[in-house]
Amino acid sequence: MGYRYFGSCRKFTKHVSVTNFHIVNFPFHSRSRQPCSFLHSTTSIGSPPSLRALHGHYFKKGSLQILNSANYLLTLYVKSSNLDHAHKLFDEITHKNTQTWTILISGFARAAGSSELVFSLFREMQADGACPNQYTLSSVLKCCSRENNIQFGKGIHAWILRNGVGGDVVLENSILDLYLKCKEFEYAESFFELMIEKDVVSWNIMIGAYLREGDVEKSLEMFRNFPNKDVVSWNTIIDGLIQCGYERLALEQLYCMVAHGTEFSPVTFSIALILVSSLSLVEVGRQLHGRVLTFGLNSDGYIRSSLVEMYGKCGRMDKASTILKDVPLNFLRKGNFGVTCKEPKARMVSWSSMVSGYVWNGKYEDGMKTFRSMVCELIVVDIRTVATIISACANAGILEFGKQIHAYIQKIGLRIDAYVGSSLIDMYSKSGSLDDALMIFEQIKEPNVVLWTSMISGCALHGQGKEAISLFEGMLNLGIIPNEVTFVGVLNACSHVGLIEEGCRYFRMMKDTYHINPEVEHYTSMVNLYGRAGHLIEAKNFIFENSISHFTSVWRSFLSSCRLHKNFNMGKSVSEMLLQSAPSDPDAYILLSNMCSSNHQWDEAAIVRSLMYQRGVKKQPGQSWVQLKDQIHSFTVGDRSHPQDKEIYSYLDSLIGRLKEIGYSLDAKLVMQDVEEEQGEVLISHHSEKLALVFSIINTSPRTPIRIMKNLRICNDCHNFFKYASQLLEREIIVRDTHRFHHFKQSSCSCGEYW
DNA sequence: ATAGGGTTAG
């Protein structure tokens, strides 16, 4: 498994490491009965055209005024998601009864974006003299809880109390859900306590609500103490744990579920597939796939989309593509309404997972092609799906593709909300175009904390510390409450430009004013802040005062600072700790070895390197890529596979010569001791970013900025090389490495020599 | 008729 850029990961880090995770056979029960009986019980009713024929027939006979026939037809329209036709038929019915109103209201209540219609229908219903029953009320309540309309919901609750319709467990569950979704927890809890009859749904609602709030302990306790768990209870707890970031706990619960003898539902499969793909348990994923096929569940659109995502994340795009295209033939013919109404959504998700999958796997051209065929096949994407794709582009740093999607959004007239806005800002700033990011930021009408945070983090990434801070202050002035992610951005911004006092002040503000417990990112940023400024003793004290010496990223940052400030004694005394706590982290060895080399301790550097090889620790191969028109050109060190190979190498040689004339020198010691490369042959002159640079020079017009992405930190020599190149060629060179952007201009770099 | 399946920022 190679390293990839994951949309869900923090910064440009590698995928979660699961090397110490045992792959075991998934303990499915062999005595499984029909796991998903409802798939077989779905009634098969005619397709929409035949419904319209039936409608015409009834209309001619005048039997639409016979309520039973009219209501029956109305039900058929609603069940087949033909809400427009249902509404027209509804208007034709002159004498409506409670059932007529209820069928239409519950139909619209299930659909998204029709809440206003539901509320007005409900008012008309009462004005018409029809009395709402429990079904009507639950439907309207569902609508309220989805739209967070507590006002209208409370009105209904009051109406229920006034009219004494209460006491029904289903209705009370709807009320409970409403208060929980609207975050009125105290009231909801006492309501739950006072419910005379609680069923499994009531418990599931409570457990799900605690998980949405991130209260894992409370929900787990409730879940464990509840004896009558059903499959939804398990699904709720497993999915909730995943959402809260407790993937392993979720997997544990999945195994418990099997041990408990609870059969999987289609939802379980869907959740389980996403879970195993985020843990990279490919083998378990394949077993699940087999199980899905055994049960004939591959016709479920949601399951197919989870399979596409799983294979995409495992790098098996071939498999993902097969699943995307192999829609079972019997599927559309079956006229299975339960499935059809979900199908467009599921198709959309599958296609977008496919696009993101290609991007994650570095197959950008395939990603773009897939996106284009998706548009050609008239698959409508919603705003949130687009956000996912843009986020994948952001992590890959593929500006051109991101721009195309941005253009597509504008073309189809999707309103750019805070969701898509944040992903666009992230995409533009991670692709090196901070100006475009700022432009988006200014366009968004309803900003939220995520939007501000993406802009702040974008500035931090480009070393624009002052701008990040003024944005942050502006956000506070608007009364937007920062969260832990916002502070990561602010602290990073401070550390990138050495604003120690401000950084310390914001760190205190985070703890004291906003009561946010610092996480490893905040601590690392603080250590970076002190270390970069040369306050190594403060950094070390900070590490011990906060008992954060078990975090490897903290030591990594500290070691970088030791190297920067040439404090070798300090560096060596901590590097052992780093090696101990992270014996399989290649960066630890490289940092230590580089530091020894810089201090002319060649023997020690060699020892560190051989230790690394002995322990089987492998450095991830360096890779740089640039985008030219529609194509991504990717290079590894000493790469000779590019069609323009000869041209690139001869230009590179002459460029090295010309740069040497203006002062560039290749540090011989660095060449000898360079451990960035493990191939034995020293190829520092042919590092991937140099190849990418030369390729761009050859293929683009003079003076246009060059943007290069790299999956590792840029090395000392390349950094130096690029500075001279920017001077000689009078071009701006923008390099994104794993930590930040470097803007090379007129022989200097925006990072101020610290990275 | 009530609960559960992909959703932006580190």
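The chains referred to below are lettered A, B, ... by the order of the sequence lines, with proteins before strands, and numbering in each begins at 1. Note: hydrogens, waters and symmetry copies are ignored here, and every other heavy atom, side chains too, is used.
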Identify which nucleotide among [options] has an atom closest to any side-chain atom of [X], counting heavy atoms from C-beta outward.
X	options	answer
A:His522	B:dG10, B:dA1, B:dA9	B:dG10
A:Ser457	B:dT8, B:dG6, B:dG10	B:dG10
A:Val488	B:dG10, B:dG4, B:dA1	B:dG10
A:Thr453	B:dA9, B:dG6, B:dG10	B:dA9
A:Lys430	B:dG6, B:dA3, B:dG10	B:dG10
A:Thr388	B:dT7, B:dG10, B:dA3	B:dT7
A:Asn204	B:dT7, B:dG10, B:dA3	B:dA3
A:Val201	B:dG5, B:dT8, B:dT2	B:dT2
A:Glu521	B:dG10, B:dG6, B:dA9	B:dG10
A:Tyr419	B:dA1, B:dG4, B:dT7	B:dT7

In whole angstrom, give the distance that lies between atom [atom1] of [X] and atom [atom2] of [N].
X	N	atom1	atom2	value
A:Leu171	B:dA3	CG	P	12 Å
A:Arg347	B:dG6	CZ	C1'	16 Å
A:His496	B:dG10	NE2	P	13 Å
A:Asp426	B:dT8	CG	P	11 Å
A:Arg146	B:dG4	CZ	C1'	15 Å
A:Ile425	B:dA9	CD1	C1'	9 Å
A:Leu451	B:dT7	CG	C1'	16 Å
A:Trp203	B:dT2	CH2	P	22 Å

Go through the N and O atoms of the side chain of [X] and the base of [N], and report whether any donor-acceptor pair is under 3.5 Å.
X	N	value
A:Ser138	B:dT2	no
A:Ser265	B:dG4	yes
A:Glu484	B:dG10	no
A:Asn492	B:dG10	no
A:Asn483	B:dA9	yes
A:Thr385	B:dG6	yes

> A:Asn148: what forms a side-chain hydrogen bond (donor to acceptor under 3.5 Å, both in side chains) with it, not counting sequence neighbours?
Replying inline: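 Expected list: none.
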> How would you list, by chain and number, every residue that makes a side-chain hydrogen bond (donor to acceptor under 3.5 Å, both in side chains) with A:Ser525, sequence neighbours excluded?
Replying inline: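 Once residues adjacent in sequence are excluded, the partners of A:Ser525 under the side-chain hydrogen bond (donor to acceptor under 3.5 Å, both in side chains) criterion are A:Asn492.
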At 4.0 Å (heavy atoms only), tell me whether [X] reaches a base, stays on the sugar-phosphate, or touches nothing.
X	answer
A:Gln99	nothing
A:Ser174	sugar-phosphate
A:Val420	nothing
A:Leu424	nothing
A:Ala209	nothing

For [N], take OP1 and OP2 only and decide whether either is under 4.0 Å from a side-chain N or O of [X].
X	N	value
A:Gln243	B:dG6	yes
A:Ser391	B:dA9	yes
A:Lys198	B:dT2	no

>> Can you classify the ring geometry of A:Tyr311 versus A:His289 as parallel (below 30°), tilted (30 to 60°) or perpendicular (above 60°)?
In response: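 Because their plane-to-plane angle is over 60°, the rings of A:Tyr311 and A:His289 count as perpendicular.
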> Any idea how A:His157 and A:Phe191 line up, ring-wise: parallel (<30°), tilted (30 to 60°), or perpendicular (>60°)?
Replying inline: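 Answer is perpendicular, since the angle exceeds 60°.
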> Are the aromatic ring centres of A:Phe264 and A:Trp234 under 6.0 angstrom apart?
Replying inline: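 Here the rings of A:Trp234 and A:Phe264 have centres that are no less than 6.0 Å from each other.
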>> In this structure, is the centre-to-centre distance between the rings of A:Phe269 and A:Tyr302 below 6.0 Å?
In response: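 No, the ring of A:Tyr302 stays outside the 6.0 Å limit from the ring of A:Phe269, centre to centre.
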> Does A:Glu189 come within less than 4.0 Å of A:Lys218, counting only side-chain N to carboxylate O?
Replying inline: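 A salt bridge is present here (some side-chain N lies under 4.0 Å from a carboxylate O).
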